[in-house]
Amino acid sequence: MKNTSKKLLEKTKEIWEEYYTHPFTMGIADETLDIEKFKFYMIQDYLYLIDYAKVFALGVAKSDDMQAAKRFAKALDLIYNGEMDIHRGYMKRLGISLEEAENTPVAIDNASYTSYMLKVAYEQGIAEIAVAILSCAVSYEYIARNIVKNNPDSVNNEFYGEWIRGYANDEYAAENRELEELVDKLAADYTEEQTENLIDIFVKCSRYEKMFWDMSWEMKL
């Protein structure tokens, strides 16, 4: 089977390297990140997840392949009952109500990112949907694991440890390997032109991920 997911990661290696040295993620790693910046990020990421989940839902709706439909549905459940739980837990600790979060304006970079993913999901096929999702899902795993690699005790950080553990754990990684396998399966018979389109989607989403970290650091609406 053609290893499309590996090719995508290779094409964005330089972009992803910037995630690891970004002042926002480094601040999470050593617990020096200003709480107000993290609060801004947490609300914007919660709003992001609302639209991110819609991309998975469109994957379910468009899937003729039962395995793909199940994979998208499983991921959708994990967002609503897993990843969003981390956000709700932090928002409670930060004194942010769900009403406050859901009524906060969506930052321009955030809206641009989710609008792009939804455009791909509405206009293209399920392989393209899986690729649009992949950058966010896997990059968080890589960032968290890189933090643990360089600072093993970071998982015990009083405040940011929960965030690190949430994305560095083996269960989260296993879900990502399933998503990569789905991409490889769906793109197995793709032409060179179709594969180039997948690369373009993945590069754009990877660039949007970097913009999201910049936006959070600058607290830019």
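Predicted model only: the values in this text are computed from it and were never measured.
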Colleague: Could you please spell out the steps behind the side-chain contact (heavy atoms from CB on, under 4.5 Å) verdict for Tyr48 and Cys136?
Modeller: CA-CA 11 Å; Tyr48 167 89; Cys136 177; 3.4 Å; yes
Colleague: For Asp109 and Phe212, indicate whether the former's side chain and the latter's backbone hold a donor-acceptor pair under 3.5 Å.
Modeller: no
Colleague: Mind checking whether Phe38 and Phe24 have parallel, tilted or perpendicular rings, split at 30° and 60°?
Modeller: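 Rings of Phe38 and Phe24: parallel, as their planes differ by under 30°.
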Colleague: Are Met26 and Tyr20 co-members of a hydrophobic cluster defined by side-chain heavy atoms under 4.5 Å apart?
Modeller: no
Colleague: Would you call Glu178-Lys70 a salt bridge at under 4.0 Å N-O?
Modeller: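 No, Glu178 and Lys70 are not salt-bridged.
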Colleague: For Ala130 and Leu186, work out which heavy atoms get closest and say how close.
Modeller: CB-CD1, 4.5 Å
Colleague: Does any donor atom in the side chain of Ser63 or Asp65 lie under 3.5 Å from an acceptor atom in the other side chain?
Modeller: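 No, Asp65 and Ser63 have no side-chain donor paired with an acceptor closer than 3.5 Å.
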Colleague: I'd like to know if Asp214 pairs up with Lys220 as an ion pair, taking the criterion as any Lys NZ or Arg NE/NH1/NH2 lying under 4.0 Å from an Asp or Glu carboxylate oxygen.
Modeller: no
Colleague: Which heavy atom of Leu198 sits nearest a heavy atom of Tyr190, and at what distance?
Modeller: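 Nearest pair, atom of Leu198 first, then Tyr190: CD1-CD2, 3.7 Å.
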Colleague: So which heavy atom on Val106 is nearest to which on Ala111, and how close?
Modeller: CG1-N, 3.7 Å
Colleague: Hey, is the main chain of Ile133 close enough, under 3.5 Å, to the side chain of Tyr52 for a donor-acceptor pair?
Modeller: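 Judged by distance alone, yes, a pair lies under 3.5 Å.
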Colleague: Donor-acceptor check, side chain of Thr114 to backbone of Asn110, threshold 3.5 angstrom: yes or no?
Modeller: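 Confirmed, Thr114 side chain pairs with Asn110 backbone.
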Colleague: Grab the two heavy atoms, one from Ala132 and one from Val120, that are nearest each other, plus how far apart they are.
Modeller: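 Heavy atoms of Ala132 and Val120 come nearest at CB-CG1, 4.3 Å.
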Colleague: Would you call Lys6 and Glu180 a salt bridge, taking side-chain N to carboxylate O under 4.0 Å as the test?
Modeller: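 Salt bridge: no.
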Colleague: Indicate yes or no: at least one non-hydrogen side-chain atom of His22 is less than 4.5 angstrom from one of Lys210.
Modeller: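 SC-SC contact between His22 and Lys210 confirmed.
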Colleague: So, Arg145 and Glu141, do they make that salt bridge, N to O below 4.0 Å?
Modeller: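 Answer for the salt bridge query: yes.
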Colleague: Quick one, Tyr19 with Tyr142, criterion ring-ring contact (aromatic ring centres under 6.0 Å, His included). Give me CA distance, side-chain angles, the key distance, then yes/no.
Modeller: CA-CA 9 Å; Tyr19 304 157; Tyr142 278 37; 9.5 Å; no
Colleague: Going by heavy atoms in the side chains, are Asn197 and Glu193 under 4.5 Å from each other?
Modeller: no
Colleague: side-chain contact (heavy atoms from CB on, under 4.5 Å) between Asn151 and Asp153: does it pass, once the steps are laid out?
Modeller: CA-CA 6 Å; Asn151 182 9; Asp153 195 48; 4.0 Å; yes
Colleague: In this structure, would Leu179 and Leu49 fall into the same cluster of hydrophobic residues linked by side-chain contacts under 4.5 Å?
Modeller: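 Same hydrophobic cluster.
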Colleague: Go through it in stages, so that I can follow the logic: the residues are Ser139 and Trp16, the test is side-chain hydrogen bond (donor to acceptor under 3.5 Å, both in side chains), and I'd like the CA-CA distance, side-chain angles, deciding distance and then a yes or no.
Modeller: CA-CA 7 Å; Ser139 68; Trp16 285 41; 6.0 Å; no
Colleague: With clusters defined by side-chain heavy atoms of hydrophobic residues (ILVMFWY) lying less than 4.5 Å apart, directly or transitively, does Leu134 cluster with Tyr122?
Modeller: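 Yes; tracing contacts between hydrophobic side chains, which count when under 4.5 Å, links both residues.
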Colleague: Looking at every non-hydrogen atom in both residues, tell me the closest pair between Glu158 and Glu31 and how far apart they are.
Modeller: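 Heavy atoms of Glu158 and Glu31 come nearest at N-OE2, 3.1 Å.
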Colleague: Any heavy-atom pair between the side chains of Trp217 and Leu33 that's under 4.5 Å?
Modeller: yes
Colleague: Would you mind reporting whether Lys39 and Tyr90 have side-chain heavy atoms less than 4.5 Å apart?
Modeller: no
Colleague: Under the 3.5 angstrom rule, does the side chain of Asp200 hit a backbone N or O of Glu196 as a donor-acceptor pair?
Modeller: no
Colleague: side-chain hydrogen bond (donor to acceptor under 3.5 Å, both in side chains), that's the test. Do Tyr160 and Ser154 meet it? Break it down for me.
Modeller: CA-CA 8 Å; Tyr160 294 118; Ser154 61; over 6 Å; no
Colleague: Between the side chains of Glu128 and Lys62, is the shortest nitrogen-to-carboxylate-oxygen separation below 4.0 Å, so that they form an ion pair?
Modeller: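 Salt bridge absent between Lys62 and Glu128.
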Colleague: Verify the cluster assignment for Ile108 and Tyr46: are they in a single hydrophobic cluster under the rule of side-chain heavy atoms below 4.5 Å apart?
Modeller: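 They do not share one cluster, since no chain of ILVMFWY contacts under 4.5 Å joins Ile108 to Tyr46.
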Colleague: Would you say Arg71's side chain and Glu175's backbone share a donor-acceptor pair under 3.5 angstrom?
Modeller: yes
Colleague: Using 0.5 Å steps for rounding, measure from the OG atom of Ser206 to the NZ atom of Lys13.
Modeller: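 Rounded to the nearest 0.5 Å, the OG-NZ separation comes out at 14.5 Å.
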Colleague: What are the two closest non-hydrogen atoms of Thr12 and Phe202, and how far apart are they?
Modeller: OG1-CE2, 3.2 Å
Colleague: Is the closest side-chain donor-acceptor distance between Trp163 and Tyr140 under 3.5 Å?
Modeller: no
Colleague: Could you go step by step and tell me if Arg93 and Glu162 meet the side-chain contact (heavy atoms from CB on, under 4.5 Å) rule?
Modeller: CA-CA 12 Å; Arg93 292 164 70 182; Glu162 181 183 355; 3.1 Å; yes
Colleague: Asp45 side chain to Tyr41 main-chain N or O, any donor-acceptor pair under 3.5 Å?
Modeller: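 Side chain of Asp45 to backbone of Tyr41, a donor-acceptor pair under 3.5 Å: no, none is there.
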Colleague: Are the side chains of Ile126 and Phe72 in contact, using a 4.5 Å heavy-atom criterion?
Modeller: yes
Colleague: State whether the side chain of Asn103 and the backbone N or O of Glu100 hold a donor-acceptor pair below 3.5 Å, judged by distance alone.
Modeller: no
Colleague: Which value, rounded to the nearest 0.5 Å, describes the distance between Asp184 atom CG and Thr4 atom OG1?
Modeller: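 The OG1 atom of Thr4 is 5.5 Å from CG of Asp184, to the nearest 0.5 Å.
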Colleague: Hey, does Cys205 have a side-chain heavy atom less than 4.5 Å from the side chain of Tyr113?
Modeller: yes
Colleague: Does the side chain of Lys185 pick up a donor-acceptor pair with the side chain of Gln67 at under 3.5 Å?
Modeller: yes
Colleague: Is there a chain of hydrophobic side chains (I, L, V, M, F, W, Y, each step under 4.5 Å between heavy atoms) that links Tyr116 to Val55?
Modeller: yes
Colleague: How far does OG of Ser135 sit from CG of Leu8, to the nearest 0.5 angstrom?
Modeller: 9.5 Å
Colleague: Does a salt bridge link Lys37 with Glu218, judged by any charged N lying under 4.0 Å from a carboxylate O?
Modeller: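 Looking at Glu218 together with Lys37, the answer is no, because their closest N to O distance does not fall below 4.0 Å.
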Colleague: Just so I know, are the side chains of Ile35 and Phe159 near enough to count as touching, which here means a heavy-atom distance under 4.5 Å?
Modeller: yes
Colleague: Kindly indicate whether the side chain of Gln44, heavy atoms from C-beta on, has any atom under 4.5 Å from the side chain of Leu221.
Modeller: yes
Colleague: Any chance you could lay out the side-chain contact (heavy atoms from CB on, under 4.5 Å) test for Thr195 and Lys7, step after step, and finish with the verdict?
Modeller: CA-CA 10 Å; Thr195 301; Lys7 187 172 185 178; 4.2 Å; yes
Colleague: Do any N or O atoms from the side chain of Asn156 and from the backbone of Gly161 form a donor-acceptor pair under 3.5 angstrom?
Modeller: no
